[in-house]
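So the structure is just underneath, and the comments pick up after that.
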Amino acid sequence: MPGAPLWLEVGFGGGEHALDQIAAHPEVAYIASEVFENGLCSLLSRLVAEGEEATGALPRNLRLWPRDARHLLAALPDAALDRLFLLFPDPWPKARHAKRRFVHPALLPLVARALRPGGEWRIASDDPTYQLWVEEVMAGAADFALLSRNTARPPGWPGTRYEAKALREGRTPIYWVFARR
Ligand SMILES: C[S@@+](CC[C@H](N)C(=O)[O-])C[C@H]1O[C@@H](n2cnc3c(N)ncnc32)[C@H](O)[C@@H]1O
């Protein structure tokens with residue numbers, strides 16, 4: 001899809017958000033990344049109706065990156081992305097594991113390079129430690145401006161399995177939208 005806006009989702013889990021987005025935005029080229037094999041199987045199985053035979057063909061606007069999204073971010077040309085989604089990332093709540101968090105000062109230059117000026121980075125988290133962490137890290141991120149912060153999922157933002165679990169268990173997610181300056 002040459003010339004199409006390019007969106008990337010990091011860690012799509014069961015694939016609910018990615019599949020809703022590609023259906024709602026056929027004009028967008030969407031790359032969905034996930035390192036967990038069960039997640040890949042879950043997304044692929046949703047593409048094949050019960051009783052139907054798999055053809056192996058993906059929807060025309062979807063590509064899968066079955067590896068670490070950071071490697072793809074590093075390989076993309078400058079300003080290639082129009083939108084980046086990071087929904088309910090693994091929180092790594094122990095301080096000694098903080099370096100594994102996707103939102104991290106060391107990773108921000110990688111995201112800033114790949115996202116075009118004005119492009120959006122959408123982040124959601126239900127984990128109180130990660131929520132504070134996002135606010136702290138992003139407050140010091142000169143390349144990004146906060147566009148919105150909500151405790152209810154904004155319109156046009158499909159839900160995920162992980163979000164449903166958080167709500168069932170009484171946690172309040174935060175949904176941020178940052179713009180690349
Ligand atoms: C807590 S789950 C949330 C899944 C999904 N976004 C949701 O909201 O239901 C986080 C997911 O991110 C994946 N993940 C973590 N780091 C990743 C990375 N660097 N690249 C791609 N996927 C990653 C994990 O395998 C896991 O499935």
Side-chain angles (χ1 to χ4, degrees), residues 6-25 28-47 58 62-76 80-81 83-115 120-134 137-138 141 148-178:
L6 183 62
W7 295 1
L8 169 64
E9 180 170 344
V10 176
F12 61 71
E16 305 82 15
H17 176 273
L19 293 179
D20 278 7
Q21 290 286 22
I22 62 161
H25 298 281
V28 161
Y30 201 100
I31 307 176
S33 76
E34 176 54 60
V35 288
F36 189 42
E37 206 169 288
N38 283 4
L40 292 158
C41 295
S42 167
L43 181 146
L44 291 171
S45 67
R46 281 161 202 261
L47 290 172
L58 288 175
L62 175 66
R63 293 292 178 271
L64 299 182
W65 178 262
R67 284 188 280 278
D68 190 324
R70 291 171 295 186
H71 298 162
L72 178 60
L73 275 176
L76 285 170
L81 286 180
R83 201 172 279 189
L84 179 69
F85 302 98
L86 178 69
L87 308 176
F88 302 92
D90 298 321
W92 296 108
K94 292 186 180 149
R96 70 174 187 277
H97 292 146
K99 60 181 176 301
R100 300 184 192 177
R101 297 175 188 158
F102 196 94
V103 174
H104 193 282
L107 206 70
L108 293 179
L110 198 67
V111 176
R113 190 196 61 80
L115 204 55
E120 276 185 16
W121 187 8
R122 295 188 179 186
I123 305 174
S125 177
D126 63 309
D127 181 89
T129 306
Y130 206 87
Q131 290 173 343
L132 283 175
W133 174 259
V134 169
V137 170
M138 295 307 284
S148 66
R149 178 194 185 279
N150 289 287
T151 49
R153 178 156 37 83
W157 184 322
T160 68
R161 190 189 299 182
Y162 202 87
E163 176 202 68
K165 180 168 181 274
L167 294 172
R168 268 197 318 275
E169 293 174 0
R171 292 187 294 280
T172 304
I174 300 179
Y175 305 84
W176 298 268
V177 182
F178 295 93

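Numbering of ligands and ligand atoms starts at 1, following listing order.
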Quick one: does [X] get an N or O within less than 3.5 Å of an N or O on ligand 1?
{"X": "Thr160", "answer": "yes"}
{"X": "Gly14", "answer": "no"}
{"X": "Pro89", "answer": "no"}

Relative to the heavy atoms of [X], which atoms of ligand 1 are at a distance of less than 4.0 Å?
{"X": "Asp68", "value": "18 (C), 19 (N), 20 (N)"}
{"X": "Ser33", "value": "21 (C)"}
{"X": "Phe36", "value": "25 (O)"}
{"X": "Leu87", "value": "3 (C), 5 (C), 6 (N), 8 (O)"}
{"X": "Phe12", "value": "5 (C)"}
{"X": "Ala69", "value": "18 (C), 19 (N), 20 (N), 21 (C)"}
{"X": "Gly13", "value": "4 (C), 5 (C)"}
{"X": "Asp90", "value": "1 (C), 2 (S), 10 (C), 15 (C), 24 (C)"}

Spacing of CG belonging to Leu6 relative to OH belonging to Tyr30, to within rounding of 0.5 Å: 10.5 Å
Distance (rounded to the nearest 0.5 Å) between Asn38 CG and Leu43 CG: 12.5 Å
Option with minimal heavy-atom separation from atom 27 (O) of ligand 1, where the choices are Glu34, Arg67, Arg100, Glu37: Glu34
Return the closest protein heavy atom for [atom] as residue, atom name and distance.
{"atom": "atom 1 (C) of ligand 1", "result": "Phe88 O, 3.0 Å"}
{"atom": "atom 17 (C) of ligand 1", "result": "Val35 CG2, 4.2 Å"}
{"atom": "atom 12 (O) of ligand 1", "result": "Gly11 CA, 3.4 Å"}

Could you check if a side-chain atom of [X] sits within less than 4.5 angstrom of a side-chain atom of [Y], using non-hydrogen atoms only?
{"X": "Pro89", "Y": "Arg101", "value": "no"}
{"X": "Trp176", "Y": "Ser125", "value": "yes"}
{"X": "His17", "Y": "Phe88", "value": "no"}

With Phe102 via ring-ring contact (aromatic ring centres under 6.0 Å, His included) - residues at least two apart: none
ring-ring contact (aromatic ring centres under 6.0 Å, His included) against Trp7, all qualifying residues, sequence neighbours excluded: His25, Phe85
Exercise: identify the closest heavy-atom pair between Val103 and Met138: CG1-SD, 4.3 Å
Minimal non-hydrogen separation, Tyr175 against Arg153, with atom names: CE1-N, 3.4 Å
Exceeds 12 heavy-atom contacts within 6.0 angstrom, atom CD of Glu37: no
